[in-house]
Participant: 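Sharing a structure below in structure tokens format, with a few things to ask.
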There are 4 protein chains.
Amino acid sequence: MDEKKLLFNNKQDKRLQILAAAAKIFTAKGFHPAKVEEIATAAGVGKGTVYEYFSSKTEVFREMLSYLLEFYKQYFEERLDRSKSVREQLFTIMSTHAHFLKNNKDLFSLILEPHQPIDEETQAWLVAERREILDGLAQIIQTGIERGELKPVNTFVAAQILLGTMISFSGEVFLAKKDWDYQEIINHILEILFQGLEC
Amino acid sequence: MDEKKLLFNNKQDKRLQILAAAAKIFTAKGFHPAKVEEIATAAGVGKGTVYEYFSSKTEVFREMLSYLLEFYKQYFEERLDRSKSVREQLFTIMSTHAHFLKNNKDLFSLILEPHQPIDEETQAWLVAERREILDGLAQIIQTGIERGELKPVNTFVAAQILLGTMISFSGEVFLAKKDWDYQEIINHILEILFQGLEC
Amino acid sequence: MDEKKLLFNNKQDKRLQILAAAAKIFTAKGFHPAKVEEIATAAGVGKGTVYEYFSSKTEVFREMLSYLLEFYKQYFEERLDRSKSVREQLFTIMSTHAHFLKNNKDLFSLILEPHQPIDEETQAWLVAERREILDGLAQIIQTGIERGELKPVNTFVAAQILLGTMISFSGEVFLAKKDWDYQEIINHILEILFQGLEC
Amino acid sequence: MDEKKLLFNNKQDKRLQILAAAAKIFTAKGFHPAKVEEIATAAGVGKGTVYEYFSSKTEVFREMLSYLLEFYKQYFEERLDRSKSVREQLFTIMSTHAHFLKNNKDLFSLILEPHQPIDEETQAWLVAERREILDGLAQIIQTGIERGELKPVNTFVAAQILLGTMISFSGEVFLAKKDWDYQEIINHILEILFQGLEC
DNA sequence: GATGAATGAGAATTCATTCAT
DNA sequence: GATGAATGAATTCTCATTCAT
């Protein structure tokens, strides 16, 4: 099953065709170097058609991120079983994240990083989305503490560590090496995060 | 002691004046939205003068990053005492990183993140620099393992966790809150990383 | 009785609906700023339908002016009684003109002024129409002279004065003030034109 | 002595070169059909240079009109002798107007007519300028009445007649016929306006 | 060396017109 | 006939770069 297909496959809907093309081009080049005409061509439509569906290049960008992020978040909801142990949940999260990246190459860099400045509004929205994701992670940690699975650590700090680790690995490992065994990497990560570095 | 001064203080040297202004403007706006004229004005020189010292806007960007990165790396060399314990060294690294950020606000986002794409060459160079930093961290971990301070973990994975955590906190904590007690945050972080999450 | 109704009331005829909408929109915004889609919407038809009845935006404009002008000229023919005195005829003309304007607000500016250039052909046609109107006025003056009502003035010059006065008052007085007593104004005008300024 | 030269001859001043070219192009084609590049070429400068001196096409238009109007108004101030009889003054005004038109062909149509809509602000400004000109004419009439030269007519109505006549003749006579004896025409006009049409 | 006026390639956006349904 | 989604030519404006002073 290919998520990219799931994500943007409805050929009937030109809006989605354009968003899919936008994701590809924006991801490869960033906001400013990406040209509207290029996106239009990649979407197989005329330049003017982009403006039938979106009022500006900025709106295309914003809508594309929004769509992607919804998809990303839903992706986790479907896979996450909160009755399992925290360690198992985190394994699922990292694994799902890696899987998502494999199928939506590079797209991730557009979501969780403090970005190339487009405009204040988009920036603020991205920061808020990031915060929401952090809160979700912190909540899982908190549950683990309450269940007695984890030490009573600062949940916000722990969430930051988790997210930072995921982002750091995103570019470096998951994307760089085509056929990396990410399950093993994730086990390494969780080993360190759960048992600690110290002897 | 103000690092910004140290970093770009030679008023005689127009080249440095321009790099200092470039750091300020590029940091605030990103590569594309930053205008050469703006940088020139901020540097107190004429627009044409920028082209006396650099062949293009891209070169200004690249040189600025390079200069900044050298400074950043040297900053650590001066402060890092490899005879101390790994935990102490990591505390120094994180603390120095936070301190650097405080004094060179936002500059960091230009250094260690997979960037807004300028051009292939700059991109590749940044990836290499990032790798070098990771190697430095991995080396410290390795030393810790050899000395018996740390468990025999995968050093590359540990380095990624450390760097990811630093980056994640950079935007979120160090920069957002003006007068945050980062020493305490760093202790939280190291507590988790050394003792682990698990009970 | 509402002339606007008379002018464009045949709801069955889409062509007239479009011309009516065109008159409204072109009048309010001028040729270039008026959008075909806007006219179509105002006419209650689809954009494509406009092109079923007219070959281009320019043709819509030309046809609209032509229709309007025919209506305008016929308007006078119906009201003008050439057996009356010239002064009475001119009063009727000015009064009818004012009345027409009240009911077809702003439309007039589209007719008698040297226009925003659409194309050579339309321009030339408008000049010819204007000339025809001048000739009509000159003819009335000529009749007055022959009847001994008027001094033997240059009829072309007199016609220009009359038309210029009407145009000048069109924008200034008739349209600007909603409920102006134009009968009184016209009497002032004719007083000056017939008795002269001089003591 | 050539007024066009006086009007826009300072080759040193690129701003004026651009305004001169703008007057020529806008006059020939109207606001919308005139292209910025065309104006630039006519001014002998690059497209970008226009934007060094003006912030937008609209500003070029506005500035051009403003400059022209100042010149036009000053043109009269220099030629008008208020101690002379009103009839002589009006002869001077019409004659000067005709002369100005001869030397600044077509430019006039840009000044005193209710225009092709550019934007609200420019429109309002033009209306105000027109009003000012009308007030000046009314003032001359008023003086004539006070001096006993003229009948006690409504000065505003008389001013409208005068201005309407001038505008009407502008397009029709002064500009159309290259070598028309406008002095004779003006005498015809004043004859009618002063002695009246009636026997 | 230093400057900033001049430039024109390039980009976002608009909108008259077409044409498949 | 009627429609409006699709289109791309055309236009305004930006800005990195050049070069005469």
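Every heavy atom of this structure was used, including side-chain atoms; hydrogens, water molecules and symmetry mates were not.
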Participant: What is the separation between atom CG on A/Asp13 and atom P on F/dA5, rounded to the nearest whole Å?
Facilitator: 13 Å

Participant: If the helix axis at each end comes from five base pairs, how far does the helix from E/dA2-F/dT21 to E/dT21-F/dA2 deviate from straight, to 10°?
Facilitator: 10°

Participant: Do NZ/NE/NH1/NH2 and the carboxylate oxygens of B/Glu38 and B/Lys29 come within less than 4.0 Å?
Facilitator: yes

Participant: I need the minimum non-hydrogen distance between B/Thr49 and B/Ile18, along with the two atoms involved.
Facilitator: O-CD1, 4.3 Å

Participant: Select base, sugar-phosphate, or nothing to describe what B/Val45 touches, counting heavy atoms under 4.0 Å on all strands.
Facilitator: sugar-phosphate

Participant: When you measure from the side chain of C/Thr27 to the backbone N and O of C/Ala23, does any donor-acceptor pair fall under 3.5 Å?
Facilitator: yes

Participant: List the atom of B/His32, the atom of B/Lys35, and the distance in Å for their closest heavy-atom pair.
Facilitator: O-NZ, 3.1 Å

Participant: Between protein and nucleotides 18-21 of chain E, what N or O pairs are separated by less than 3.5 Å?
Facilitator:
none

Participant: So, for D/Phe31 and D/Lys57, which heavy atoms are closest and what is the spacing to 0.1 Å?
Facilitator: O-NZ, 3.0 Å

Participant: Could you tell me whether C/Lys14 and C/Glu52 make a salt bridge, using a distance below 4.0 angstrom between a side-chain N and a carboxylate O?
Facilitator: no

Participant: Please give, in whole Å, the distance from F/dG1 P to C/Ile18 CD1?
Facilitator: 12 Å

Participant: Compare every heavy atom of C/Ile25 with every heavy atom of C/Ala42, then report the nearest pair and how far apart it is.
Facilitator: CB-CD1, 4.1 Å

Participant: How close do B/Ile39 and B/Ala21 get, heavy atom to heavy atom, and via which atoms?
Facilitator: O-CB, 3.5 Å

Participant: Any sub-3.5 Å donor-acceptor pair from B/Gln17's side-chain atoms to B/Ala43's backbone N or O?
Facilitator: yes

Participant: What is the separation between atom CZ on D/Phe31 and atom C1' on F/dT11, rounded to the nearest whole Å?
Facilitator: 12 Å

Participant: Can you measure A/Phe54 atom CZ to F/dA6 atom C1' for me and round it to whole angstrom units?
Facilitator: 15 Å

Participant: Check the distance between E/dT14's P and A/Glu59's CD and give it to me in whole angstrom.
Facilitator: 12 Å

Participant: Between C/His32 (NE2) and F/dA10 (C1'), how many Å, whole number?
Facilitator: 13 Å

Participant: For B/Thr49 and D/Thr49, take the nucleotide of DNA chain E holding the closest heavy atom to each; which residue's nucleotide lies nearer the 5' end?
Facilitator: B/Thr49

Participant: Give the residues of residues 34-44 of chain C touching DNA chain E, defined as any heavy atom closer than 4.0 Å, sorted by residue number.
Facilitator: C/Ala34, C/Lys35, C/Val36

Participant: What nucleotide, of F/dA5, F/dT17, E/dT17, holds the atom closest to the side chain of C/Lys57?
Facilitator: E/dT17

Participant: Any side-chain N or O of D/Lys14 below 4.0 angstrom from OP1/OP2 of E/dA5?
Facilitator: no

Participant: Which atoms form the tightest heavy-atom contact between D/Ser56 and D/Tyr51, and what is the distance?
Facilitator: CA-CE2, 4.0 Å

Participant: Taking it one step at a time, do B/Tyr53 and B/Val45 satisfy side-chain contact (heavy atoms from CB on, under 4.5 Å)?
Facilitator: CA-CA 11 Å; B/Tyr53 292 91; B/Val45 301; over 6 Å; no

